[in-house]
Structure formats: structure tokens, C-alpha cells
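I have a structure here, written as C-alpha cells, and I will follow up with some questions on it.
Please read these numbers as outputs of a predicted model, since none were measured by experiment. Every chain is numbered from 1, with letters handed out A, B, ... down the list of sequences.
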There are 4 protein chains.
Amino acid sequence: MTTLLSPNVEHKPMTDKRQAILDTALSLFVSQGFHGTSTASIAKQAGVATGTLFHHFPTKEVLMESLFLTIKQEFANALLLNIKEGGDLKEHAEQLWQSAIDWSIDNPIKQLFFQQYSMSPMIAASIREQAMNSILGFIAQLIQKGQLMGLISHYPIELMLENCHGQYLAATRYFIDNPELGKDKHHRDASFALFWKALRAD
Amino acid sequence: MTTLLSPNVEHKPMTDKRQAILDTALSLFVSQGFHGTSTASIAKQAGVATGTLFHHFPTKEVLMESLFLTIKQEFANALLLNIKEGGDLKEHAEQLWQSAIDWSIDNPIKQLFFQQYSMSPMIAASIREQAMNSILGFIAQLIQKGQLMGLISHYPIELMLENCHGQYLAATRYFIDNPELGKDKHHRDASFALFWKALRAD
Amino acid sequence: MTTLLSPNVEHKPMTDKRQAILDTALSLFVSQGFHGTSTASIAKQAGVATGTLFHHFPTKEVLMESLFLTIKQEFANALLLNIKEGGDLKEHAEQLWQSAIDWSIDNPIKQLFFQQYSMSPMIAASIREQAMNSILGFIAQLIQKGQLMGLISHYPIELMLENCHGQYLAATRYFIDNPELGKDKHHRDASFALFWKALRAD
Amino acid sequence: MTTLLSPNVEHKPMTDKRQAILDTALSLFVSQGFHGTSTASIAKQAGVATGTLFHHFPTKEVLMESLFLTIKQEFANALLLNIKEGGDLKEHAEQLWQSAIDWSIDNPIKQLFFQQYSMSPMIAASIREQAMNSILGFIAQLIQKGQLMGLISHYPIELMLENCHGQYLAATRYFIDNPELGKDKHHRDASFALFWKALRAD
DNA sequence: AATGAATGAGCTTTCATTCAT
DNA sequence: TATGAATGAAAGCTCATTCAT
């Protein structure tokens with residue numbers, strides 16, 4: 001039993017100082033940039049001592065990379081969750097597209113984080129590539145399958161992948177800048193239509 | 001008289017030292033980031049004293065913005081130079097597209113600079129927008145004209161602009177990462193084909 | 001009952017962990033210095049938790065002093081063990097000298113520890129003096145006896161003690177730097193000859 | 001002309017912030033140890049900003065080494081200055097010995113600095129050796145000359161050098177601990193007598 | 001007795017900027 | 001214009017020590 005004077009609020013095992021640090025780092029890195037965010041400010045806003053931050057993440061860079069890998073995993077999980085068997089290739093593509101857009105709308109800060117850092121020299125190239133490939137590898141397969149079926153144009157695969165990525169980033173930018181349009185079927189359909197028309201065979 | 005793409009920028013006398021500082025800042029900002037580059041290192045590599053840098057640019061931010069505006073102007077000039085009257089709308093679009101790609105291939109460092117900073121909080125939003133709009137305004141007109149002529153799909157204009165930008169960034173990334181393909185007609189044509197197919201009316 | 005060279009030291013139960021900490025501290029303090037060695041690194045290399053170190057030694061300084069006193073005791077014991085009754089004063093002196101050199105050769109790390117810390121402000125002056133005097137007091141008696149017998153020169157006693165100490169440190173440095181000479185009778189005899197010639201009456 | 005209100009005290013070209021830093025570092029390193037002395041405290045007591053210290057010495061280690069080499073040079077100069085031609089070998093040796101003792105008495109802090117750091121791992125081994133050899137090389141020649149002349153015992157030269165060094169350190173310790181005895185001929189003579197008797201041939 | 005996450009003061013070093021020359 | 005020594009606030013990181021388990 002807890003009274004007003006001894007609430008059990010503080011009693012939950014604060015194992016998640018680590019999580020608090022990650023959460024705070026995400027929002028500060030996005031709003032102020034990596035170098036613009038001091039480790040002291042992260043610790044303070046996360047409600048922990050500076051030493052605690054370095055207890056969990058030996059350097060600021062490691063903190064950044066942990067954040068990156070964590071979010072990338074969340075994104076990958078979200079896409080995988082929504083994949084349904086059955087349906088034709090275009091439907092599959094749309095499902096994937098809309099799931100990805102949904103995730104970015106539901107997690108705008110994380111999407112901004114990706115946009116800012118997935119191509120920045122802040123994160124070791126190896127980690128970036130690994131993260132990108134695990135997602136894009138999936139898309140590459142889908143494109144190649146579509147080309148065999150005569151549904152997708154025969155342009156160089158690397159160029160097409162880069163193009164997909166660019167269109168995806170553009171769409172998320174649009175919906176994050178205009179949040180009220182994220183649930184508008186007209187705009188959502190338009191974003192996929194542009195994407196699909198670029199790829200499809202004439 | 002100033003045109004849309006070449007607004008009047010105060011022409012400071014481009015002394016050797018001033019230009020050396022700008023050139024060095026460009027390459028260091030791209031390779032090490034804004035915060036990762038000290039004013040001391042810029043001055044040293046440019047062969048001037050630290051005081052000299054601050055004589056020409058009162059703050060590091062002003063140096064950055066001067067760089068941004070200078071390069072943006074160069075890019076705009078390059079596009080304008082290649083615009084030819086006559087021809088149909090698709091030819092106009094392709095001319096513009098290929099000129100822009102050409103510039104990015106000829107100036108990879110400057111393109112990387114754009115990619116890193118044109119969306120970063122490093123540069124005042126007003127300056128970024130001004131720079132972007134002076135280019136994109138041009139594209140917007142072209143798209144609207146195409147829609148009236150029934151050549152371009154009727155999707156929301158802001159979405160289409162964002163999409164154009166995204167596809168352009170993707171294409172330049174591709175050609176900068178694969179420099180040997182920049183002169184290959186097959187790949188160059190493919191890059192425009194993807195772009196145009198996305199936009200055109202069915 | 002306690003003798004001059006083995007005063008009663010509280011015998012804390014030398015658990016495995018406590019000894020592991022002392023051993024590790026010795027080697028790290030010698031190789032990296034007192035301030036260059038973190039308590040965390042001692043604990044880690046000793047295979048215990050940081051808290052355990054502070055369970056046995058309330059502060060880092062206390063750990064250092066425990067180490068100092070422990071080693072000093074070992075040294076004193078080694079000297080005492082080899083003292084034989086009978087023989088003349090010079091033989092006594094040589095016995096003492098060679099025992100001390102033997103110990104330093106057998107325990108080079110501990111000797112280095114003495115060399116680094118027996119005169120450093122790291123260890124409270126009182127503890128240093130106590131440790132030094134318990135050894136040097138013994139030497140002082142020997143010198144005074146020699147002077148009475150006309151075997152040793154009549155220089156100021158404090159100067160002679162300092163000189164003995166200095167020559168001893170020099171000899172151990174020599175044998176630790178040249179371990180292969182430690183068993184060479186020629187060099188061992190030479191080291192005592194220098195020492196004795198300095199002291200003896202003409 | 002300077003008045004009370006505008007003394008020219010502050011007008012000497014303060015190029016010697018560098019020297020002020022070295023002087024302050026010397027006294028603090030000796031009294032508090034290298035690690036016990038913060039760069040901030042050196043700068044503050046020297047009357048300069050922290051940045052200034054790092055302007056002159058890129059790291060704390062470099063400051064330490066600069067100090068070491070500077071003082072070593074001073075010591076070498078002092079010895080060389082007092083060397084007089086003529087006289088026999090023993091007189092030469094005494095001259096050298098007394099000059100060295102004089103220097104240590106005149107510069108007790110610098111001598112303490114040597115005592116603390118000339119054998120510490122704080123200073124790179126190469127620098128330490130270089131410094132030691134330039135002095136000891138001189139002594140080595142003198143010893144070998146004396147051996148040829150039959151004035152000095154034939155013990156291993158390295159052992160003798162180490163012994164000389166040890167006796168010198170002991171003597172300076174004695175005179176620095178007992179400053180009033182530094183000018184006492186009796187004690188000064190005794191210190192050399194001990195030294196010389198150790199070396200001389202029987 | 002033993003653990004190790006948490007603490008926060010303190011450290012060395014960096015760097016944009018100033019100013020006397 | 002040009003210089004570079006000087007500044008000092010602020011940064012990332014360390015570490016002896018505590019304490020709940």
C-alpha cells in the first residue's frame with residue numbers, strides 16, 4: 001500500500017537509465033545535431049549523472065552507433081511485421097511502401113534521425129552499410145523478381161535502389177512536414193503512384 | 001537586373017586569401033563536418049593566419065553561409081547557361097536534368113557539400129529556403145505548365161517537387177559513387193527515364 | 001614479542017581476494033605509477049569487483065600504505081633471517097649487504113616499488129620514516145659500533161646513513177638492470193667493496 | 001618617466017608567459033607531483049589563461065619534458081663553467097663534486113625535481129637516458145683516466161657510474177634536508193671523502 | 001564477504017574569437 | 001590587410017568512492 005507521502009513511484013527498478021539516455025540522445029541529436037549536443041546535456045535531461053552515461057556507453061560515438069542500430073532494428077521489425085503472403089507483386093510493393101511511410105509518420109523523430117545520420121560521416125561506414133543493406137537487400141530481390149516477370153523496367157539495379165531510397169526519403173519528408181496529410185488517402189496513394197510509375201515497365 | 005536564378009549578391013573583392021579560405025573550408029567541411037573542422041585548421045591549410053580568416057568572415061557561421069551562397073550561385077549559373085529555347089517540354093526537362101547531373105559530376109565536392117548541408121540545421125532556415133526556392137521555383141513552373149498541357153500527372157505540387165528533389169539527390173549520389181558511369185549514355189538516360197516516368201501523365 | 005625488524009602488524013586474514021588485490025596493485029603501481037593506476041583497473045585485473053577492493057581497503061591511499069608496510073616487512077624478515085652471530089664487524093656488514101642485494105634481485109618489482117615510493121609524497125611521511133628507521137636504525141648501530149672499534153671513519157652519522165642508502169639503491173639498480181650479473185661473484189664483491197671502502201677508517 | 005600611477009612594470013614584453021609557466025610547473029610538480037598538479041592550477045598560478053599553457057606546450061607531457069631538458073641543460077652548464085685546467089685528477093674530481101653539490105644547494109627545487117623525475121616513468125626513457133648520458137659520459141672518462149693512472153679501483157665501469165650517481169643523490173638529499181650544513185667545510189669535505197674513498201685504488 | 005551500477009567533481013584539451021602590432 | 005599570441009568557456013571523459021542488493 002502506498003500513501004500520498006510515500007508513493008511507490010521511485011520504486012520501479014531503474015534499470016532503464018540506459019534507455020532514458022538513448023531516448024534523450026535521440027531527441028537532442030535530431031534537434032541540435034551530434035556535435036551541438038553535449039554529453040552533459042544528454043545526461044542532465046535524462047536524469048542521470050554524466051558518469052552514468054559513460055558507464056553505459058564508453059564514448060559519445062558508441063552512444064550514437066547504439067542509437068542508430070537500435071532504431072534501424074525497430075524499423076526493420078516494423079516492415080517485417082506487416083508483410084503478408086499472397087497478392088501480386090505490385091500489391092507487395094505497395095504494402096511495403098505504405099508500411100515504411102506509416103513507420104516514418106508514427107516515428108517522425110526517428111525518421112529525422114535516419115535522414116540526418118544515415119549518410120553522415122558521424123557513423124562508421126561499415127555500420128551504415130550493414131544497416132542499409134539489410135533493408136535494401138530485401139528491395140533488391142523484389143525489383144529483380146519484378147524484372148523477370150516483366151513488371152519492372154530493366155535499368156541498372158544499383159541505380160534503381162538509390163532511386164527508391166531517394167523517393168522514400170522525399171515522401172517521408174513531405175508527410176513529416178505536413179502531418180495532416182499523412183492520413184489522407186489521396187496523398188498517400190499519390191506518393192506510391194509516383195514511386196511505382198518510375199519503376200514499372202512501360 | 002537580376003533574374004530568378006542569379007539574385008544580386010554583394011560582390012566582395014575575391015582576394016586570393018579570401019578565396020583560399022573558401023576553398024579550404026569547402027573541402028574540410030565536406031570531409032570532416034562543420035563542427036569537426038576548426039577555424040584554425042582552415043586558416044592553416046589555406047596558408048593564412050587565424051586572424052585573417054576572421055578579418056574576412058566575422059564568424060564561422062558567416063563563412064559557412066558565404067560558402068553556401070557562393071556554391072548555390074555557381075550551380076544556378078551552370079543550369080541557366082545550358083537552357084536553350086525551343087523544343088518541347090520533355091526536352092526542356094531532360095536538358096535541365098542532364099545539366100544538373102553534369103554539374104554534380106563536375107563538382108562532386110560541392111555536390112557533397114549540398115547534400116550534407118542543404119538540409120542541416122547548420123545553415124539558417126531562411127537562407128536554405130531562399131536557395132532552394134530559387135531553383136525549385138523554376139521546376140514548379142515547369143511542372144505546372146506540363147500539367148496544363150496534359151503531359152504531367154496531377155499530383156500535389158509540393159509532393160512532386162519533393163519527389164523531384166529526392167530523385168535528383170539519388171541520381172547524383174549514384175554517379176558520384178560510380179564516377180566511371182557518369183559518361184555512360186545508357187546510365188545517364190536511365191536516370192532521366194526513371195525521373196520522367198514518375199512525373200509524366202499515363 | 002616484537003623485534004626491531006618485525007614490529008607487530010595487525011594480521012588481517014589474508015584472504016585470496018585481498019592478496020590478489022595487493023599483488024595486482026604492486027605490479028600496476030610500479031609500471032604505471034600510483035595516479036596512473038585506477039582502482040577499477042586493479043580490481044579488474046585482480047578478478048574482483050570494485051566494491052570488493054574498497055571492502056578490504058577503505059581508500060586507495062590505505063591500499064598503498066598496506067602494500068608499503070607489507071613489503072617493508074618482507075624485506076626486514078629477509079634480512080633478519082640471514083643474520084648470523086659470530087664473525088667480525090666487516091663480515092657482519094657484508095652479510096647484511098649481500099642479503100639485501102639478494103632480496104632485491106629476488107624481488108625486483110618490490111625493489112622498484114621501494115625505489116619509486118619510499119621517497120615519494122605518495123606515502124605519509126610518518127609511515128615512510130617509521131619504515132626507513134626500523135632498517136636504518138640497525139645500520140646506525142652497526143656504524144657507531146664500528147667507529148668505536150676504530151674500523152669506520154668518523155663522519156657525521158646522518159651523512160653516512162644517507163650515503164649507505166644511496167649506495168644500496170645504486171647497487172640494486174645496477175643488478176636489476178643487469179640481471180645476469182646478479183650471480184657473478186666478481187660484480188657482487190665489487191659492489192660491497194665500493195660500499196665498504198667508503199665507510200672504513202683509513 | 002614612470003609615476004606611481006603608471007608604473008612601467010607591466011610594460012616589459014610579456015613574451016615570457018612561457019617562462020612563467022615553466023617556473024610554476026617546476027614548483028608545483030615538485031611539491032604536488034605530476035598527476036597531483038592540474039594544468040589549470042599551473043596556468044592560474046603563472047598568471048595566464050589555461051589556453052595559453054596549451055598554446056606553448058601542446059600537452060602536459062611536453063611541458064614536463066621541456067622542463068626536464070631545460071633544467072638538465074642548466075645543470076650541465078653550471079658544471080662546465082667551473083671546470084678549471086691544471087691540477088691533479090683528485091682535485092679535478094673534487095672540483096666537479098663540489099660544483100655539483102653547490103648547484104644542488106643553490107637550486108634545491110630543481111634538484112628535487114631531478115630526484116623525483118629523472119628515474120620516473122613520467123619522462124620518456126629516451127629523453128632520460130640522453131640527459132643522463134651527457135653528464136655521466138663525462139664522469140666515465142674521468143674514471144677511466146684515473147684507472148689508467150692507477151688512482152682509481154678497477155671495478156666494472158657501469159657499476160662505478162651507478163655508484164657515483166647514488167652517492168651524489170645521497171649527498172644532495174643530505175644537504176637539502178640540512179641547509180645549514182651546506183656551507184660547513186667539515187660536512188662538505190666529508191661528503192667528498194666518502195665518495196672518493198669508495199673509488200680510489202687502495 | 002562480494003557485487004557493480006551510479007555518482008559528480010575534476011581533469012586535460014579544444015576552439016572560436018579578440019586585439020595589439 | 002594581415003598576423004598569431006592570448007583568452008576562457010565548454011567539451012568529452014575519468015575515477016575514487018558509495019550503496020542497495
Side-chain angles (χ1 to χ4, degrees), chain A residues 11 13-18 21 34-44 46-63, chain B residues 13 15-18 21 34-44 47-63, chain C residues 13 15-18 21 34-44 47-63, chain D residues 13-18 21 34-44 47-63:
Chain A
H11 283 290
M14 268 285 209
T15 26
D16 286 282
K17 306 236 171 199
R18 192 190 145 93
I21 292 166
F34 179 76
H35 288 287
T37 304
S38 71
T39 51
S41 72
I42 297 171
K44 189 172 190 178
V48 304
T50 58
T52 306
L53 187 153
F54 288 95
H55 180 70
H56 290 287
F57 307 95
T59 68
K60 199 184 178 187
E61 268 79 19
V62 167
L63 168 56
Chain B
T15 67
D16 280 357
K17 305 228 169 196
R18 190 186 148 90
I21 292 166
F34 178 76
H35 288 286
T37 303
S38 69
T39 52
S41 71
I42 297 171
K44 187 172 191 178
V48 304
T50 58
T52 306
L53 187 153
F54 285 91
H55 180 73
H56 289 288
F57 308 96
T59 70
K60 199 184 179 186
E61 269 78 20
V62 168
L63 168 57
Chain C
T15 67
D16 280 356
K17 305 228 169 199
R18 190 186 149 91
I21 292 166
F34 179 75
H35 287 288
T37 304
S38 69
T39 52
S41 72
I42 297 171
K44 188 173 191 178
V48 304
T50 59
T52 306
L53 187 153
F54 285 91
H55 180 72
H56 289 287
F57 308 95
T59 70
K60 198 184 179 187
E61 270 78 19
V62 167
L63 168 57
Chain D
M14 267 286 209
T15 26
D16 287 282
K17 306 234 170 200
R18 192 190 145 93
I21 292 166
F34 179 76
H35 289 288
T37 303
S38 70
T39 51
S41 71
I42 297 171
K44 189 172 190 178
V48 303
T50 60
T52 306
L53 187 153
F54 287 93
H55 180 69
H56 290 288
F57 308 95
T59 68
K60 200 184 179 187
E61 268 80 19
V62 168
L63 169 57

*Using the test ring pair (Phe, Tyr, Trp, His ring centres under 6.0 Å), find all partners of His35(B) that sit at least two apart in sequence or belong to another chain.*
His35(A)
*Taking only residues two or more places apart in sequence, or in another chain, which ones meet His55(B) in a side-chain contact (heavy atoms from CB on, under 4.5 Å)?*
none
_Residue whose nearest DNA chain F nucleotide is more 5′ - Ser41(C) or Glu61(A)_ = Glu61(A)
*Could you say whether Ala40(B) or Gly36(D) is positioned toward the 5' end of DNA chain E, judged by the nucleotide with the nearest heavy atom to each?*
Gly36(D)
*To the nearest angstrom, how far is Ile42(C) atom CD1 from dT14(F) atom P?*
17 Å
*Check the distance between dT17(E)'s P and Leu63(B)'s CG and give it to me in whole angstrom.*
10 Å
*Stem ranges for DNA chain E, with three or more consecutive Watson-Crick or G-U pairs under 3.5 Å?*
E:2-21 with F:2-21
_Are Thr39(A) and Leu63(A) packed together at the side-chain level, in the sense that at least one heavy-atom pair is separated by less than 4.5 angstrom?_
no
Which protein N or O atoms sit under 3.5 Å from an N or O of nucleotides 7-10 of chain F?
unit_1: dT7(F); atom_1: OP1; unit_2: Lys17(D); atom_2: NZ; d: 3.4
unit_1: dT7(F); atom_1: OP2; unit_2: Ala49(D); atom_2: N; d: 3.2
unit_1: dT7(F); atom_1: OP2; unit_2: Thr52(D); atom_2: OG1; d: 2.3
unit_1: dG8(F); atom_1: N7; unit_2: Thr50(D); atom_2: OG1; d: 3.4
unit_1: dG8(F); atom_1: N7; unit_2: Gly51(D); atom_2: N; d: 3.1
unit_1: dA9(F); atom_1: N6; unit_2: Thr50(D); atom_2: OG1; d: 3.1

*Closest non-hydrogen atom pair between Ser41(B) and Ser38(B), with its separation*: OG-O, 2.8 Å
*With sequence neighbours excluded, tell me which residues meet ring pair (Phe, Tyr, Trp, His ring centres under 6.0 Å) with Phe34(D).*
Phe29(D)
*Closest-nucleotide 5' rank along DNA chain E - winner of Phe34(B) and Thr39(D)*: Thr39(D)
_Least distance between heavy atoms, Leu53(C) atom then Ala43(C) atom_ = CD1-N, 4.1 Å
*Rounded off to whole Å, could you give me the CZ-to-C1' distance for the Phe57(D) and dT12(E) pair?*
16 Å
*Give the rounded distance in Å between these two atoms: NZ of Lys44(A) and P of dA6(E).*
20 Å
*So, does Lys60(B) use its side chain to make a donor-acceptor pair with the main chain of Thr37(B) at under 3.5 Å?*
yes
_Could you tell me how far apart Asp16(B) (CG) and dA2(F) (P) are, to the nearest whole angstrom?_
9 Å
*What integer distance in Å separates Phe54(B):CZ from dC19(E):P?*
13 Å
*Listed by chain and number, what are the side chain to side chain donor-acceptor pair (under 3.5 Å) partners of Thr59(D), not counting sequence neighbours?*
none
*Whole-Å distance between dG10(E) C1' and Lys60(C) NZ?*
14 Å
*Please state how far atom NE2 in His56(A) lies from atom C1' in dT7(E), giving the value in whole angstrom units.*
12 Å
